[in-house]
Engineer: 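Once you've had a glance at the structure underneath, I'll fire off some questions.
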Amino acid sequence: MRCFPIVEFGKPLVEMDLPTPEPGGDEILLRVTGCGVCHSDVHIYDGYFDMGDGKKADLTAGRELPMCLGHEVVGEVVAMGDSASGVNIGDSVVVYPWIGCGECVVCAAGDEHFCPKHRSIGVMVNGGFADHLIVPHSKYLFDHSSVPAEVACTYACSGITAYSAISKAAKAGTGHMVLVGAGGVGLAGLAIARNIVDATITVCDIDDGKLSAAKELGADNVVNSTDKDAVKQVRGLTGGGAAAVVDFVGAAASVGFAMKIVARRGTVVIVGLMGGSLPLSVPMLPLTAMTLTGSYVGSLEEMARVMALARNGKIPSLPVQKRGLSHAQKTLDDLKAGQIVGRVVLAA
């Protein structure tokens, strides 16, 4: 099995040739045909989240190295364990990677992505920065039909993350929604919002190239959040503030910006994990009745909804660049430097 795993956190990925795993029981072996590269991969590669004020959340514990990143995976079924069913050899499928222990009350509630003992693919166990991958059960595999494989794989993270966040934001009202950040997940959010909410949508980012991509995907308005009057622009467009703001960046500056452009009684949904901290004026919460909430990837049920939308042509394609698997390290570096619009998908 050709792969590019982490051998030491923060150090370059190393090309390795390891034994191809053999499926047993309910397991399915895939030949990886595409794997999206996500900002979460950068955080895991670095080995920490930036918590702000010089604090870091350690991500090295519980991960056995070498380990392959990559949780946005599409592949072809090439082998099955003795008791596996639900798919056939040759099927092209997208992997739901947020896999729990299957035994706790969290998993029983359908929220495997919050399982305290999760076994998420490409996060805790080997992922798609390889030419083969083991999936524990066929229930985590989804047919993508006519959706191109390199687009379909992005739904496993950017797709369901965006869907779950937009669904939460929609509960605040659908008059005007603002999306902060037009990276891979933000653009997915825009594409999905167009199909599940009836709202005027404004997209904000610091990069004019990403704003152009958002405009092409159907944003009603775009605003560069580095403009001196950016807050005034957005509040003018939204009639005094948006009912819902979704922050796909998750940095101190972006959250602070979101809180300035949300309407009274509005909701700010924080999705991104770029990190940092910010001072919070506590009286502003009751005085504005603002709701601050987080949103983390999505459930298996939400994955099914996203894939149904995609198969029915309800989600426009993200900008996707295809690169060879050998470009895994360069792609992490480019993503960290903010040089990628949309998604890069690696293929062996």
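Keep in mind that what you see is a predicted model, and the values were worked out from it rather than measured.
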Engineer: Could you tell me if the side chain of L325 sits less than 4.5 Å from the side chain of F4, heavy atoms only?
Structural biologist: yes

Engineer: Would you say the side chains of K171 and S167 form a donor-acceptor pair under 3.5 Å?
Structural biologist: no

Engineer: Enter the distance from C68:SG to L18:CG here, rounded to the nearest 0.5 Å.
Structural biologist: 7.0 Å

Engineer: Are F114 and M303 grouped together when hydrophobic residues (ILVMFWY) are joined by side-chain heavy atoms under 4.5 angstrom apart?
Structural biologist: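 Result: yes, single cluster for both.
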
Engineer: We want to know whether S120 and H71 form a side-chain donor-acceptor pair, criterion being a heavy-atom distance below 3.5 angstrom.
Structural biologist: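 No, H71 and S120 have no side-chain donor paired with an acceptor closer than 3.5 Å.
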
Engineer: Checking side-chain contact (heavy atoms from CB on, under 4.5 Å) for the pair V246/I166: CA distance, chi angles, key distance, verdict?
Structural biologist: CA-CA 7 Å; V246 185; I166 295 295; 4.2 Å; yes

Engineer: Less than 4.5 Å apart, any side-chain heavy atom of V203 and any of N221?
Structural biologist: no

Engineer: Hydrophobic cluster membership, with links at side-chain heavy-atom distances under 4.5 Å among I/L/V/M/F/W/Y: are V125 and I134 in one?
Structural biologist: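 Hydrophobic grouping puts V125 apart from I134.
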
Engineer: Does K117 pair with E103 as a salt bridge, N-O distance under 4.0 Å?
Structural biologist: no

Engineer: With a 4.5 Å cut-off on side-chain heavy-atom distances among I, L, V, M, F, W and Y, is there a chain of contacts connecting L285 to V255?
Structural biologist: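 Same cluster: L285 reaches V255 through Ile, Leu, Val, Met, Phe, Trp or Tyr contacts under 4.5 Å.
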
Engineer: Can a side-chain donor-acceptor contact be found between E112 and Y140 if the only test is distance below 3.5 angstrom?
Structural biologist: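 A donor-acceptor contact under 3.5 Å links the two side chains.
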
Engineer: Look at the side chain of S83 and the backbone N and O of G25, then say whether any donor-acceptor pair between them is shorter than 3.5 Å.
Structural biologist: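 Confirmed, S83 side chain pairs with G25 backbone.
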
Engineer: Quick one: are T200 and M177 in side-chain contact, heavy atoms under 4.5 Å?
Structural biologist: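 Heavy-atom side-chain distance check fails, nothing below 4.5 Å.
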
Engineer: Within this structure, what is the SG-CG distance for the pair C3 and L133, rounded to the nearest 0.5 Å?
Structural biologist: 11.5 Å

Engineer: Can R343 and E72 be said to form a salt bridge (charged side-chain N to carboxylate O under 4.0 Å, His left out), step by step?
Structural biologist: CA-CA 10 Å; R343 265 294 192 264; E72 293 187 346; 2.9 Å; yes

Engineer: Walk me through it: do Y45 and Q329 pass the test side-chain hydrogen bond (donor to acceptor under 3.5 Å, both in side chains)?
Structural biologist: CA-CA 10 Å; Y45 166 78; Q329 181 64 54; 3.3 Å; yes

Engineer: Regarding E76 and T33, do their side chains bring together a donor and an acceptor under 3.5 Å, going by distance alone?
Structural biologist: no

Engineer: Do any N or O atoms from the side chain of D46 and from the backbone of Y48 form a donor-acceptor pair under 3.5 angstrom?
Structural biologist: no

Engineer: Do D227 and K232 pass the salt bridge (charged side-chain N to carboxylate O under 4.0 Å, His left out) test, and can you show the C-alpha distance, the side-chain angles, and the key distance before you say yes or no?
Structural biologist: CA-CA 10 Å; D227 290 350; K232 183 178 179 180; over 6 Å; no

Engineer: Would you say D131's side chain and M1's backbone share a donor-acceptor pair under 3.5 angstrom?
Structural biologist: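 It does not hold such a pair.
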
Engineer: Ignoring hydrogens and geometry, is there a side-chain-to-backbone donor-acceptor pair from D91 to V87 under 3.5 Å?
Structural biologist: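 Checked: no pair found.
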
Engineer: Take T202 and V223, measure what side-chain contact (heavy atoms from CB on, under 4.5 Å) needs, and give me the verdict at the end.
Structural biologist: CA-CA 7 Å; T202 294; V223 174; 4.2 Å; yes

Engineer: Would you say the side chain of M80 lies within less than 4.5 Å of the side chain of P23, judging by non-hydrogen atoms?
Structural biologist: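 P23 does not reach M80 side chain to side chain.
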
Engineer: Do the side chain of R264 and the main chain of L287 share a donor and acceptor less than 3.5 angstrom apart?
Structural biologist: yes

Engineer: Do the side chains of L30 and V135 get nearer than 4.5 Å, heavy atoms only?
Structural biologist: yes

Engineer: Is any side-chain N of the basic residue among K139 and D26 closer than 4.0 Å to the acidic one's carboxylate O?
Structural biologist: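 No, K139 and D26 are not salt-bridged.
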
Engineer: What are the two closest non-hydrogen atoms of G36 and F129, and how far apart are they?
Structural biologist: O-CE1, 4.5 Å

Engineer: Mind checking the CE-CZ spacing from M16 to R2? Nearest 0.5 Å is all I need.
Structural biologist: 13.5 Å

Engineer: Run the side-chain hydrogen bond (donor to acceptor under 3.5 Å, both in side chains) test on H113 and S299 for me, step by step, so that the C-alpha distance in whole Å, both residues' side-chain angles and the decisive distance to 0.1 Å come before the verdict.
Structural biologist: CA-CA 6 Å; H113 54 307; S299 67; 5.5 Å; no

Engineer: What are the two closest heavy atoms between V341 and A213, and how far apart are they?
Structural biologist: CG1-CB, 4.0 Å

Engineer: What are the two closest non-hydrogen atoms of V222 and A219, and how far apart are they?
Structural biologist: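 Nearest heavy atoms, V222 then A219: CG1-CB, 4.0 Å.
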
Engineer: Same hydrophobic cluster for L187 and V178, using side-chain heavy-atom links shorter than 4.5 Å among ILVMFWY?
Structural biologist: no

Engineer: Which heavy atom of L278 sits nearest a heavy atom of A252, and at what distance?
Structural biologist: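 L278 and A252 have their closest heavy atoms at CD1-O, 4.0 Å.
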
Engineer: Check whether S254 reaches the backbone of A251 with its side chain - one donor and one acceptor, N or O, closer than 3.5 Å.
Structural biologist: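 Such a contact is found between S254 side chain and A251 backbone.
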
Engineer: For R265, is the CZ atom crowded, meaning more than 12 foreign heavy atoms sit under 6.0 Å from it?
Structural biologist: no

Engineer: Distance from L332 atom CG to L346 atom CG, nearest 0.5 Å?
Structural biologist: 8.0 Å

Engineer: Taking CG in D82 as the centre, count heavy atoms belonging to other residues, nucleotides or ligands within less than 6.0 Å. Is the count above 12?
Structural biologist: no

Engineer: Which value, rounded to the nearest 0.5 Å, describes the distance between N195 atom CG and K314 atom NZ?
Structural biologist: 6.5 Å

Engineer: Apply side-chain contact (heavy atoms from CB on, under 4.5 Å) to residues I201 and L179 and explain how you reach the verdict.
Structural biologist: CA-CA 7 Å; I201 300 174; L179 311 183; 4.0 Å; yes

Engineer: Does L335, at its CG atom, have more than 12 non-hydrogen atoms belonging to other residues, nucleotides or ligands within less than 6.0 Å?
Structural biologist: yes

Engineer: Under the 3.5 angstrom rule, does the side chain of S164 hit a backbone N or O of I160 as a donor-acceptor pair?
Structural biologist: no

Engineer: Spell out, as yes or no, whether a donor-acceptor pair under 3.5 Å connects the side chain of H43 to the backbone of L273.
Structural biologist: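 Yes, H43 side chain to L273 backbone: donor-acceptor pair under 3.5 Å.
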
Engineer: Test side-chain contact (heavy atoms from CB on, under 4.5 Å) on V73 and V94 and set out the steps.
Structural biologist: CA-CA 6 Å; V73 183; V94 178; over 6 Å; no

Engineer: Report yes if the side chains of C115 and C104 come closer than 4.5 Å at any heavy-atom pair, otherwise no.
Structural biologist: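 Result yes, sub-4.5 Å side-chain heavy-atom pair found.
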
Engineer: In terms of side-chain heavy atoms, does S145 have a donor or acceptor partner in D143 at a distance below 3.5 Å?
Structural biologist: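 Per modelled atom types, S145 and D143 side chains form no pair under 3.5 Å.
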
Engineer: Is there a side-chain contact between H118 and W98, using heavy atoms and a 4.5 Å cut-off?
Structural biologist: no

Engineer: Can you find a pair of side-chain heavy atoms, one from I28 and one from L141, that are under 4.5 Å apart?
Structural biologist: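 A side-chain contact exists here, since the closest heavy-atom pair is under 4.5 Å.
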
Engineer: Can a side-chain donor-acceptor contact be found between R311 and S146 if the only test is distance below 3.5 angstrom?
Structural biologist: no

Engineer: Using 4.0 Å as the upper bound for N to carboxylate O, is an ion pair formed by D220 and R194?
Structural biologist: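 Answer for the salt bridge query: yes.
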
Engineer: Would N224 and D208 count as having a side-chain donor-acceptor pair, cut-off 3.5 Å?
Structural biologist: yes

Engineer: Can you tell me how far apart CE (M259) and CD1 (I270) are? Round to the nearest 0.5 Å.
Structural biologist: 8.0 Å

Engineer: Do H327 side-chain atoms and K330 backbone N/O form a donor-acceptor pair below 3.5 Å?
Structural biologist: no

Engineer: Is it true that a side-chain atom of T238 and a backbone atom of H176 form a donor plus acceptor pair closer than 3.5 Å?
Structural biologist: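 Checked: no pair found.
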
Engineer: Grab the two heavy atoms, one from A149 and one from V74, that are nearest each other, plus how far apart they are.
Structural biologist: O-CG1, 3.5 Å

Engineer: Taking all heavy atoms of S158 and all of G184, pick out the closest pair and write down the distance.
Structural biologist: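 The answer is CB-O, 4.2 Å.
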
Engineer: Taking a hydrophobic cluster as the set of Ile, Leu, Val, Met, Phe, Trp and Tyr residues connected by side-chain heavy atoms closer than 4.5 Å, whether directly or through intermediates, do Y296 and M124 fall within one such cluster?
Structural biologist: yes

